[in-house]
A.B. asks: 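Below is one structure. I have some questions about it.
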Number of protein chains: 2
Amino acid sequence: MRRPTLEAVAARAGVSRATASRVVNGSETVHAQIRDAVLRAVDELGYVPNSAARSLVTRRTDSIGLVVSEPPAAEDPLFSVLVRAVGRELERVGKQVVLMLASSSAAYARIERYVAGGHVDGVILLSTHGADPLPAALARSHVPVVSYGRPVATVSLPYCDCDNVGGARAAARHLLERGRWRIAAIAGPPDMPAGRDRLAGYRDVLSAADRRSLVAMGDFTRESGAAAMRQLLLDGPDLDAVFAATDLMAIGALHTLRRMGRRVPDDVAVVGFDDIEEARYTDPALTSVRTPVAAVAEAIVQRLLGPDRFAEPTVLPAELIVRDSS
Amino acid sequence: MRRPTLEAVAARAGVSRATASRVVNGSETVHAQIRDAVLRAVDELGYVPNSAARSLVTRRTDSIGLVVSEPPAAEDPLFSVLVRAVGRELERVGKQVVLMLASSSAAYARIERYVAGGHVDGVILLSTHGADPLPAALARSHVPVVSYGRPVATVSLPYCDCDNVGGARAAARHLLERGRWRIAAIAGPPDMPAGRDRLAGYRDVLSAADRRSLVAMGDFTRESGAAAMRQLLLDGPDLDAVFAATDLMAIGALHTLRRMGRRVPDDVAVVGFDDIEEARYTDPALTSVRTPVAAVAEAIVQRLLGPDRFAEPTVLPAELIVRDSS
DNA sequence: TTCCTTTGAGAGAGCGCTCTCTCCGAGACG
DNA sequence: CGTCTCGGAGAGAGCGCTCTCTCAAAGGAA
């Protein structure tokens, strides 16, 4: 009933356990004839190495933790893209993905212990916000960590990201070029680097053009975008353009604008950020800044497994996709 | 540099390794005084049990595989909901989530070996389609498996699901009650049980009312929904209602209807399925059947860890949410 | 007191694997 | 022919933990 061991394979092939181990691990120093015999035994017995035993001695676990420090918003369209990209890359090098969701503070402690306990060979850290204790804790552990997105300034951690600042600049420039005069923004939470950077890029361009701007705050969700838009219309009824730090918030803004009877883009132009699929199906189709999520995920895996984890952060360009809403 | 072992803890506390082990594992038969000494040593040394060593002897891994047999569509809004729910439930009982994406056939083989090799204590199987070899392979392994959604008829596997048939019936009945005469459907791929069941429920109601129906095929994406809608309008220009097997396809259909100048719901009523968040932000807001994804995920975990895995499948009700599109 | 039970702690045998060290035999060279 | 080298296989020591078995000490009954 029990799974066959390397011992059994060795016995069947008529070699020592050491030789069987060599074959299983692809050593070059084994005679072809003996190797074939061992491989045949492996096949016949359906042998699968016991990873617990293996990692007990090698001190590797061949698994990478994907730590989601703030659980994704209930429905996060990019979460599946990211997880898939990470999974694909890690699979290529034979690593397992261990998912760790840090939802409660009990979970924080558990994850910290788990990672520090050496149960994963590395960690990909996702979606951190200001007060999150996890990045600092993981940075302290001796396990390699790479963050998806720039971590908060107080913690130094290798990361890969898309060019949030550049993308936001492009969006703001685009609105100016379209001749919009009263431009407003819906920003993300100020303690999230992605939100800060997008707002910073936007502000760069506006101050360079000597413009002021209304800014309302959202939390990256559609609902918060809708609420922020209501606030903006209250504060600046004459606005003619809105830049939202995420497509979801832009979609919420579109919803509010529709309800308030403003035409898009005639009365108000709208630009989002992320270029999620949904942006192509809104009415009108949403202009947005495309974030190369999958490419960033790949870069993270490369960096995590590569030799120069602490090289300059990889920052991939974000491209403005112009559609009908602006 | 190396992590402290149980041996070190025992030495520091002045007890044997066995006693230290007892304390760490919460045995009742240890004097309070000794227990405290051990716990203090654990704390001082920052001891974390080595899970490889532990599972080598216990033959448990304390981790559950989440096998996604078809990778989620690039952006799958429900994927994050599901993963989160599963993660939350498993964390509660101290299990890790190991994510396995079966994208290539090489990955299939790897997953099969991994699971059969006893590296996980159980498997949650996700989103299977007809030709998928994985459900059968996993059913053959001696590892507990529970499927999210009814698996194809050819493989017998415990599962939990939402009531696709009942939900589709409710949707169809709703359209009839609204006085719609030429009702069409956009179905999912015929080899996916969810798609089949939704179509079956819809057909039940229509045949009972002695109606015929046009059916176009989609693949659960917005784009396929848009294409299917074009086809339906070509085949039945006089249709006045559409039932789509997923919200994404319904959203694609809305897009096509808008382009073709049909008013929703005046000319054509639209009903979707899943009740994703996006459905509340379409114009008009989409009527949909709510699938209790998180609740199903919880039921799956209960079943996977519980004693009666092979009891009748849990099928949770799906509720029709009426909005402006119908 | 003696014998037996009970409670709680220690000894030690593995779990299945890797990897170093040892050893053997064959070929090269003087 | 003896010595040296070297490729390739085996022996065996652990990796850190759990868990059974053993045993000592203490308490209770006869």
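Protein chains get the first letters and strands the later ones, always in sequence-line order, with residue 1 at the start of each. Please read all numbers here as calculations on a predicted model, not as lab measurements.
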A.B. asks: Can you see if the side chain of A:N50 gets near the phosphate of C:dC15 - specifically, an N or O under 4.0 Å from OP1 or OP2?
C.D. replies: no

A.B. asks: In whole Å, I'd like the distance from the CD atom of B:Q33 to the P atom of C:dA9.
C.D. replies: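 The answer, rounded to whole Å, is 10 Å.
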
A.B. asks: Under 4.5 Å between any side-chain heavy atoms of A:V24 and A:Y47, yes or no?
C.D. replies: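 A:V24 reaches A:Y47 side chain to side chain.
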
A.B. asks: Could you tell me the separation between the CG atom of A:L6 and the P atom of D:dC15, rounded to a whole number of Å?
C.D. replies: 19 Å

A.B. asks: At under 4.0 Å, does any side-chain N or O of B:S16 touch on OP1 or OP2 of C:dG10?
C.D. replies: yes

A.B. asks: Run the numbers on B:D121 and B:D62 for side-chain contact (heavy atoms from CB on, under 4.5 Å), then give the verdict.
C.D. replies: CA-CA 6 Å; B:D121 297 341; B:D62 285 334; 4.1 Å; yes

A.B. asks: Taking atom types as they are modelled, is there a donor-acceptor pair under 3.5 Å from the base of C:dT18 to the side chain of A:R17?
C.D. replies: yes

A.B. asks: Please figure out whether B:V48 or A:T19 has its closest DNA chain D nucleotide nearer the 5' end.
C.D. replies: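 Closest to the 5' end, via its nearest nucleotide, is A:T19.
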
A.B. asks: Measure distances between side-chain N and O atoms of B:R59 and base N and O atoms of C:dG16, and say whether any donor-acceptor pair falls under 3.5 Å.
C.D. replies: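 No, no donor-acceptor pair under 3.5 Å.
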
A.B. asks: Answer yes or no: does a side-chain N or O of B:S21 lie under 4.0 Å from OP1 or OP2 of D:dC17?
C.D. replies: no

A.B. asks: Expressed in angstrom and rounded to an integer, what is the separation of A:R54 atom CZ from D:dG16 atom P?
C.D. replies: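 Those two atoms, CZ and P, are 18 Å apart.
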
A.B. asks: Over how many whole Å does the gap from A:R22 atom CZ to C:dC17 atom P extend?
C.D. replies: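 Computing the A:R22:CZ to C:dC17:P distance gives 15 Å.
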
A.B. asks: May I have the distance from A:E7 (atom CD) to C:dC17 (atom P), rounded to whole angstrom?
C.D. replies: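 So the two atoms are 9 Å apart, to the nearest Å.
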
A.B. asks: Let's see if you can work this out: which of D:dG10, C:dA9, D:dA9 has an atom nearest to the side-chain heavy atoms of A:A18?
C.D. replies: D:dG10

A.B. asks: Is the shortest side-chain heavy-atom distance between A:V152 and A:P193 below 4.5 Å?
C.D. replies: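 Sidechains of A:P193 and A:V152: in contact.
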
A.B. asks: Please determine whether a side-chain nitrogen of the Lys or Arg among A:E89 and A:R92 lies less than 4.0 Å from a carboxylate oxygen of the Asp or Glu.
C.D. replies: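 A salt bridge is present here (some side-chain N lies under 4.0 Å from a carboxylate O).
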
A.B. asks: What is the distance from CD of A:E28 to P of D:dA9, rounded to the nearest Å?
C.D. replies: 13 Å

A.B. asks: Measure CG/A:N25 against P/C:dT20 and give the value in whole Å, please.
C.D. replies: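 After rounding, the gap between these two atoms is 13 Å.
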
A.B. asks: About how many Å separate CG of A:D132 and OG1 of A:T154, when rounded to the nearest 0.5 Å?
C.D. replies: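 Output value for this atom pair is 10.0 Å.
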
A.B. asks: Let me know, please, whether A:A52 or B:H31 comes out on the 5' side of the other along DNA chain C by nearest nucleotide.
C.D. replies: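 Between the two, 5'-proximity favours B:H31.
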
A.B. asks: Between B:A20 and A:P4, who's closer to the 5' end of DNA chain C by nearest nucleotide?
C.D. replies: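 It is B:A20, whose closest nucleotide lies nearer the 5' terminus.
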
A.B. asks: To the nearest Å, how far apart are B:R60 CZ and D:dT18 P?
C.D. replies: 9 Å

